[in-house]
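Read through the structure below, which is laid out as structure tokens, and then see the notes.
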Amino acid sequence: MTGKILIVALCAAVGTFVGFAVLCSYRRNLEYLDGVCGLISELKRNMAYRRDAAASVLASYDTKNAHLKKNIGEYMAFVGAKDGKLDISRGFLPPRTHSGVCELFASLGGADGGAQQRELEAFGATFEELRAKAAQKSAKYGALAVKLGFLFGLGVGILTL
């Protein structure tokens, strides 16, 4: 009897863990998009007032997101090499977000101040929209994934008996 209860509890725990992993992936994407939106606003603010080079702004930009730090480091390596190809790693990013980030980094420093400001406004609007969708998706499906994972695991555990 205790073996059967243990099997059901183990299946429910595995299902809950899988649901929690899905929740974490939603949150990780949202945190990345928060960092990108913060980066864009920092670049816009700097271009409007101080007019430092994009590379110096990115070098001094402090973010908590490890993947965004890695992407900024990849851009800094590209700028330092001056003859390579810009290669931004995808990691966990969805294709649309990754292509937008690649376009953002590729556009930095390629125009005068006014044109760069307009490009950053467009990127800001795009990433704000992506962030809003990611926040909605995280709130809507995050907790649901944990609950469904638990119920699915519980169901599998009961069916194995």
Side-chain angles (χ1 to χ4, degrees), residues 13-150 152-153:
V14 168
T16 303
F17 177 75
V18 169
F20 187 72
V22 171
L23 170 69
C24 287
S25 71
Y26 287 139
R27 286 185 181 166
R28 184 176 53 208
N29 188 35
L30 179 60
E31 288 172 1
Y32 183 85
L33 289 170
D34 279 338
V36 171
C37 289
L39 175 67
I40 291 172
S41 68
E42 177 68 24
L43 285 167
K44 287 191 303 189
R45 187 172 33 254
N46 188 289
M47 291 208 139
Y49 299 111
R50 293 178 46 190
R51 298 205 182 260
D52 290 337
S56 65
V57 174
L58 290 176
S60 65
Y61 185 71
D62 185 32
T63 181
K64 296 176 186 173
N65 191 289
H67 191 68
L68 184 57
K69 279 183 185 178
K70 180 180 178 185
N71 290 155
I72 290 172
E74 292 166 345
Y75 174 76
M76 296 303 292
F78 166 73
V79 169
K82 295 186 181 186
D83 63 346
K85 180 179 178 277
L86 179 61
D87 186 28
I88 302 295
S89 62
R90 181 168 175 208
F92 59 85
L93 297 176
R96 182 173 177 206
T97 304
H98 180 253
S99 66
V101 168
C102 289
E103 289 175 19
L104 170 67
F105 282 121
S107 74
L108 291 178
D112 65 344
Q116 186 75 64
Q117 191 79 11
R118 288 188 296 278
E119 285 180 354
L120 287 174
E121 289 290 333
F123 281 119
T126 300
F127 281 107
E128 286 292 333
E129 178 186 328
L130 287 174
R131 181 174 65 172
K133 287 181 182 178
Q136 180 185 16
K137 198 172 187 180
S138 176
K140 189 174 183 180
Y141 298 122
L144 180 67
V146 175
K147 293 172 188 173
L148 286 177
F150 171 76
F152 182 75

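Hydrogens, waters and symmetry mates are skipped; everything else that's a heavy atom, side chains included, is used.
- Rounded to the nearest 0.5 Å, atoms OH (Tyr141) and NZ (Lys147) are 14.0 Å apart.
- Phe127 and Ile40 make their closest contact through CD1-CD1, 3.5 Å (heavy atoms, listed as atom of the first residue, atom of the second, distance).
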Check step by step if side-chain contact (heavy atoms from CB on, under 4.5 Å) holds for Phe105 and Leu39. CA-CA 11 Å; Phe105 282 121; Leu39 175 67; 4.2 Å; yes
Residues Arg28, Glu31; criterion salt bridge (Lys or Arg N to Asp or Glu O under 4.0 Å); working and verdict: CA-CA 5 Å; Arg28 184 176 53 208; Glu31 288 172 1; over 6 Å; no
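- Note on ring orientation: taking the six-membered ring where Trp is involved, the planes of Tyr32 and Phe92 are perpendicular (angle over 60°, cut-offs 30° and 60°).
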Test log, rule side-chain contact (heavy atoms from CB on, under 4.5 Å), inputs His67 and Leu93: CA-CA 9 Å; His67 191 68; Leu93 297 176; 3.9 Å; yes
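- Glu129 CD to Arg96 CZ: the interatomic distance, rounded to the nearest 0.5 Å, is 5.0 Å.
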Could you give me the CA-CA distance, side-chain angles and deciding distance for Glu74 and Asp87, then say whether side-chain contact (heavy atoms from CB on, under 4.5 Å) is met? CA-CA 7 Å; Glu74 292 166 345; Asp87 186 28; over 6 Å; no
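- Atoms OG and CG, from Ser138 and Asn29 in turn, are 9.0 Å apart once rounded to the nearest 0.5 Å.
- A donor-acceptor contact shorter than 3.5 Å is absent between the side chain of Lys44 and the backbone of Glu121.
- For CZ of Phe20, the number of neighbouring non-hydrogen atoms (other residues, nucleotides, ligands) closer than 6.0 Å is 12 at most.
- Judged by distance alone, with hydrogens and angles left aside, the side-chain atoms of Thr126 form a donor-acceptor pair with the main-chain N or O of Ala122 at under 3.5 Å.
- With contacts defined as side-chain heavy-atom distances shorter than 4.5 Å, the pair Leu58/Leu108 qualifies.
- A pairwise comparison of heavy atoms in Leu33 and Ala134 identifies CD1-CB, 3.7 Å as the closest pair.
- A distance of 11.0 Å separates OH in Tyr75 from CD1 in Ile72, rounded to the nearest 0.5 Å.
- Atom CZ of Arg90 sits in a crowded spot, with more than 12 heavy atoms from other residues, nucleotides or ligands closer than 6.0 Å.
- Using a 4.5 Å cut-off on side-chain heavy atoms (C-beta onward), Tyr26 and Val22 make contact.
- A salt bridge between Arg45 and Glu42 is present, with a side-chain N of the basic residue lying under 4.0 Å from a carboxylate O of the acidic one.
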List the steps, then state whether side-chain contact (heavy atoms from CB on, under 4.5 Å) holds for Gln116 with Ser107. CA-CA 8 Å; Gln116 186 75 64; Ser107 74; 4.1 Å; yes
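- The local environment of CD in Gln117 is crowded, with over 12 non-hydrogen atoms from other residues, nucleotides or ligands closer than 6.0 Å.
- Between the side chain of His98 and the main chain of Ile88, a donor-acceptor pair closer than 3.5 Å is present.
- The CG atom of Leu23 sits 12.0 Å away from the OG1 atom of Thr16 when rounded to the nearest 0.5 Å.
- With rounding to the nearest 0.5 angstrom, the NZ atom of Lys64 is 10.5 Å from the CG atom of Asp34.
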